[in-house]
Each structure stands twice: as C-alpha cells, then as structure tokens.
Amino acid sequence: MYDPERGWSLSFSGCGFLGFYYVGATRCLSERAPHLLRDARMFFGCSAGALHGVTFLAGVPIDRTLQLLMDLVREARGRNMSTLHPNFNLCKHLRQGLEEVLPDNVHQIISGKICISLTRVSDGENVLVSDFQSKEEVVDALLCSCFIPFFCGLIPPTFRGVRYVDGGASNNLPVLDSQTTITVSPYYGEYDICPKVKSTNFLHVNITNLSLRLCLENLYLLSKAFFPPDVKVMGEICLRGYLDALRFLEENGICSGSQPCLPFPKEEPELEVSAPGREDPGSGPAEGDELLDHLRLSFLPWDERILDVLSPRLTAAVKKAMKDPGGFLSKVRNSLPVRILSYAMLPCTLPVESAIATVHRLMVWLPHMPDDIQWLQWLTSQVYARVTTCLHPTSRSRMPASSQRASPRTPEGGSAGL
C-alpha cells in the first residue's frame, strides 16, 4: 500500500508470459505519478516480475522490452506444442535476449535497488538477492528466478555456485513490509494494482504469497502464463496494465497527468502514432485498428474514453512489437492449411525433432556433466535418506550422535545444461 509518510516499495509477482502487464503498469506510473517510481525505497520481483524490474531500472527502452517479450512469445507459438516442444528452450532464448538488451554496467545500476526472489534447491528456502558484481551475475539470478523444474529443464541453473529455481516456489510476491509495499500482479486477487472483477464470489487462495481469486478469469490467465496466446492478446494485457495502474492512482488521489515522465538513461526513439481509425500509409495494414478492434471485443462494456486515457507512447510501442518481422514467409507458415498439415505430420516430425534437440542439449551439457552428475548423486542420496526416515522413523534415533550431526557437503557447482 502507498504510504507517503513512511515511504513505499513496489513488488511485482511472478506471472510467466504475462509480464506484458507490468510494462503497461509502470508506463502509467512513470507518466502520471513519476515520484512513485523515482522515490521508491526498493523494488521486489519474482520470475517475470524480477525480469521487468531489472529492465526498467536498467533504462531499457519500452519498445526494446516489448520486443524481447514478443520474441519469446513468437518463439513459443512458432511450434505446434508451444512451450512443451522439445526444441523450445526458454532459458537459452531468455539469456540471449538479456545479454543483448541489458547494458554492461547493469549490476552497478540495480544493486541495492531491487530484490530478486529465488528458491534454494538444497533446503527449499526463499532467498532475496540485491547485490551483484557483474552483468553475468544479474543474468544468472534472473534465469534462476524464472526456472521452473521440468518445464524449463531437469537440472537447475546456478547463481554464485548455488543452485536455485523459480522464486515462486517459495515466495511469489516478495515484500519486507506489506503495509508500505505497492503490489502489482496481472491476476485477479488482493493486490494494489491488478484487474478487478465484479463478482459476489469472495473466495480466494493464497499459495506462496500469491493471492488468487477463484474465478474463470484467473484460470484463463494461469494457462496463458505457461502457454502464451496470440500477440494481440499480449498487447491487450499490456494496455490493461496501464488502465489498472491508472485506476489505482485515481482511487488513491495521487494521479497527476501534468507531471513529466521519468527520465531514462537511454534516449527512447520517437515512434509515430497514427490517430485511432487512421492508417499509417507506410505500414501496410492498419495494425492499430486491429489492436483497437480487439480491445473493443474484449473490454466489456466498451467505453470510447479508454482511447483518451491510453498512452500514445505505449500504444505505438505495442503496435511496433506486434508487427511480424517474418514477412510473407511467416504469413504462409501461419496460414491455416500449413498449420493443419504440420499437425497431421506431427507423429512423423516430432521423434526426429526430439532426437535432434536431445543431441544438441547433450553437446551443450558435456562441459558441465561431472559437476551436474555429482549434484544429482547428492540429491538422490538426500531424497533416499528422507524417504527412509519417513518409513522407519526409529532408525535415525538409533544412529550415533556423531553420525546425526555429520552432514555431507552439498555439491552446488556446475551450470544447467539440460
């Protein structure tokens, strides 16, 4: 909650591919109430929330952030099985995108300003990291915070030699003081900035600090967090974040549209914005009309005043990110006959693609194999010991005291290769 006397922080929950929501929310805050971002004591983030917090604090332009997210969506949707396809490697694409867009001194910019939520594999405890010594450490921490076991791979990545997985497994909405933290999430729940649903159903669940209202809308959003929808839907989610943040500002009486936007370390290139209903002569089909038509169908009831409050800068960036860079070949590949043919041939192509993907991952894994195998052996022994203790609880009490105090060294070296 916003507290001008005691200060405030901002926390972004983990949400998978729904991170577009945060781009719209922070854009609204930077335009309408820049002091909320400029004077915040600390930023917190988990998974996609941490990814957005780092790119925002690092001054990555909004169009490059949206392009990074859209590329991930297109990479996932370009395969018949979406994110479950063996050729899709989320960590690989995410690392490449982060190394490209983040500045070399990102560790100096964000250290002490953001806490990234991680879950330590060895004991399942939540860890918040906010100090970084290099750009590589920042990327490693983000990959650990986004790593979902089995969904992203088998062997967790490492941060400073210790293995971590998605922070959502232990704390999906990290906060130090809930009374002075503005919470942001794309899910319907008990957050300061989130979608609102008019319903008499007040039932909700809280899982690892993630509050979810029991409604069909959340079931849809949870599915799209793992299996991204069309890019137009992602553009809508981004604009929804802007509108929800604007509602939060108005409800708390802190909306000030006359204040200037926050200055970014990098100058954002100007994008031409065509008026609603008009087509840019140099851009082919009116993609803006396509996005606005999609908004009219999804925002119920539709209010034309929405077009007046949306940020022209954000709308232009969303339009630009929605443009398919593949051109004619991409349209042919995504046409209905080609899609039907690819699904029909899936029983023949999937085994071949799976074999190729397995060989490629094994080749990448070879340099890290000794450390990873040692870690797997240690993990197996820990699981076996716990199962044995549960089945025979008296066996541990009969062990010598020296044996009970001894604990094996945890091999945490290596890097995720599978």
Side-chain angles (χ1 to χ4, degrees), residues 10-12 14-31 34 36-38 40 42-75 90-116 129-130 132 134-146 184 186 231 234-235 237-239 241-242 245 260-271 311-323 325:
L10 286 96
S11 181
F12 303 95
C15 60
F17 285 97
L18 303 180
F20 291 84
Y21 186 89
Y22 299 139
V23 179
T26 51
R27 185 65 192 181
C28 178
L29 296 181
S30 67
E31 290 180 351
L36 287 184
L37 301 173
R38 182 183 60 242
M42 182 66 71
F43 286 77
F44 298 90
C46 172
S47 188
L51 178 65
H52 172 72
V54 169
T55 54
F56 175 77
L57 290 175
V60 179
I62 184 174
D63 53 335
R64 296 196 68 186
T65 301
L66 286 173
Q67 195 62 54
L68 169 64
L69 297 176
M70 284 295 185
D71 288 343
L72 287 175
V73 171
R74 290 192 178 95
E75 196 68 33
L90 177 62
C91 292
K92 173 186 174 182
H93 297 297
L94 192 57
R95 179 180 289 276
Q96 291 175 349
L98 289 173
E99 291 178 347
E100 180 180 350
V101 302
L102 292 180
D104 294 335
N105 64 336
V106 61
H107 57 287
Q108 299 174 349
I109 299 175
I110 70 171
S111 289
K113 297 180 181 179
I114 185 172
C115 288
I116 299 178
V129 294
S130 61
F132 307 95
S134 64
K135 177 181 177 179
E136 184 179 1
E137 284 193 354
V138 176
V139 175
D140 289 342
L142 290 175
L143 291 180
C144 289
S145 186
C146 297
V184 190
V231 292
M234 289 305 190
I237 291 174
C238 180
L239 299 182
Y242 187 96
C261 299
L262 282 176
F264 290 93
K266 292 184 177 180
E267 187 67 24
E268 298 182 11
E270 292 294 331
L271 296 179
S311 166
R313 178 72 182 86
L314 178 64
T315 307
V318 172
K319 294 177 187 178
K320 179 180 178 182
M322 284 174 52
K323 292 182 180 179

Could you state the interatomic distance from [atom1] ([X]) to [atom2] ([Y]), rounded to the nearest 0.5 Å?
X: L72; Y: Q96; atom1: CG; atom2: CD; value: 10.0 Å
X: R313; Y: S30; atom1: CZ; atom2: OG; value: 10.0 Å
X: S130; Y: F43; atom1: OG; atom2: CZ; value: 14.0 Å
X: M234; Y: L66; atom1: CE; atom2: CG; value: 11.5 Å
X: I62; Y: F56; atom1: CD1; atom2: CZ; value: 10.0 Å
X: L94; Y: L69; atom1: CG; atom2: CG; value: 9.0 Å

Requested in this report: Kindly write out the residues that satisfy salt bridge (Lys or Arg N to Asp or Glu O under 4.0 Å) with E99, not counting sequence neighbours, or none if the list is empty.
Outcome: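 Applying salt bridge (Lys or Arg N to Asp or Glu O under 4.0 Å) to E99 gives R95.
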
Query raised in the report: Checking T55 side chain against L51 main chain: does a donor-acceptor pair fall under 3.5 Å?
Result: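 Checking the backbone N and O of L51 against the side chain of T55, a donor-acceptor pair under 3.5 Å is found.
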
State, to 0.1 Å, how close [X] and [Y] come at their nearest heavy-atom pair, and which atoms those are.
X: V60; Y: V101; result: CG2-O, 3.8 Å
X: A321; Y: R74; result: O-NH2, 2.8 Å
X: A141; Y: V129; result: CB-CG2, 4.4 Å
X: A58; Y: I110; result: N-CG2, 4.4 Å
X: L102; Y: V54; result: CD2-CG1, 4.1 Å
X: S311; Y: E31; result: OG-OE2, 2.6 Å

Please table the atom pairs, donor to acceptor, closer than 3.5 Å between any side-chain atom in residues 14-23 and protein atoms at least two apart or in another chain.
residue, atom, partner, partner atom, Å
Y21, OH, D244, OD2, 2.6
Y22, OH, S13, N, 3.1
Y22, OH, S13, O, 2.5
Y22, OH, S13, OG, 3.0

Query raised in the report: Can you name the residues that form a side-chain hydrogen bond (donor to acceptor under 3.5 Å, both in side chains) with T26, not counting sequence neighbours?
Result: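 Once residues adjacent in sequence are excluded, the partners of T26 under the side-chain hydrogen bond (donor to acceptor under 3.5 Å, both in side chains) criterion are H52.
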
Query raised in the report: For D71, what residues pass the side-chain hydrogen bond (donor to acceptor under 3.5 Å, both in side chains) criterion, not counting sequence neighbours?
Result: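 Here the qualifying residues are Q67.
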
Does [X] have any side-chain contact (heavy atoms from CB on, under 4.5 Å) partners at least two apart in sequence or in another chain, and if so, which?
X: Q108; answer: N105
X: A245; answer: A25, C28, L29, I193
X: S134; answer: E136, E137

Query raised in the report: Tell me, which pairs form a salt bridge (Lys or Arg N to Asp or Glu O under 4.0 Å) where one or both residues lie in residues 101-115, sequence neighbours left out?
Result: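 Of all non-adjacent pairs touching residues 101-115, those that pass salt bridge (Lys or Arg N to Asp or Glu O under 4.0 Å) are D104-K135.
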
